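Please read all numbers here as calculations on a predicted model, not as lab measurements.
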Amino acid sequence: MMASLTVRNLKESVKASLRLRAARNQRSLEEEVRIILEQAVEPEASEFGLGSRIHQRFLGLDADQMVLPDRPVVTPESCFAEDC
């Protein structure tokens, strides 16, 4: 079941701005407000660490699907140790 929400005492300028935004996005005013509210309560990507986001991105991939190209062995050009 879907819920309903009534917003009272909304400034006319806010309502007008929402109407314009909805028209630019080719949506009804109601749909535009619904999308804005949904986006406002969705967890932001920054709430999750990089490792968690990478894990979510590749979750469900089989290891056989992740073919890695051969990489050349890189040797350092210079040595900063005292015994070089």
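Considering all non-hydrogen atoms of both residues, Ala22 and Ser28 come closest at CB-O, 3.6 Å.
Going from atom CZ of Arg24 over to atom CD of Glu32 covers 8.0 Å, rounded to the nearest 0.5 Å. Between Leu29 atom CG and Leu20 atom CG the span is 10.5 Å, to the nearest 0.5 Å.
Between Glu31 and Asn25, every side-chain heavy-atom pair lies at or beyond the 4.5 Å cut-off.
With sequence neighbours left out, Glu30 forms a salt bridge (charged side-chain N to carboxylate O under 4.0 Å, His left out) with Arg34. With sequence neighbours excluded, the residues that form a side-chain contact (heavy atoms from CB on, under 4.5 Å) with Asp62 are Asp64, Gln65. Remark: Arg57 pairs with no residue by the side-chain contact (heavy atoms from CB on, under 4.5 Å) rule, at least two apart or across chains. Applying the side-chain contact (heavy atoms from CB on, under 4.5 Å) test to Leu59 and every residue at least two apart in sequence or in another chain returns His55, Gln56.
When hydrophobic side chains of Ile, Leu, Val, Met, Phe, Trp and Tyr are connected at separations under 4.5 Å, Leu68 ends up as a singleton with no cluster partners.
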Let me have the donor-acceptor pairs involving side chains of residues 1-19, under 3.5 Å, with sequence neighbours excluded, atom names and distances please.
| unit_1 | atom_1 | unit_2 | atom_2 | d |
| --- | --- | --- | --- | --- |
| Ser17 | OG | Ser13 | O | 3.0 |

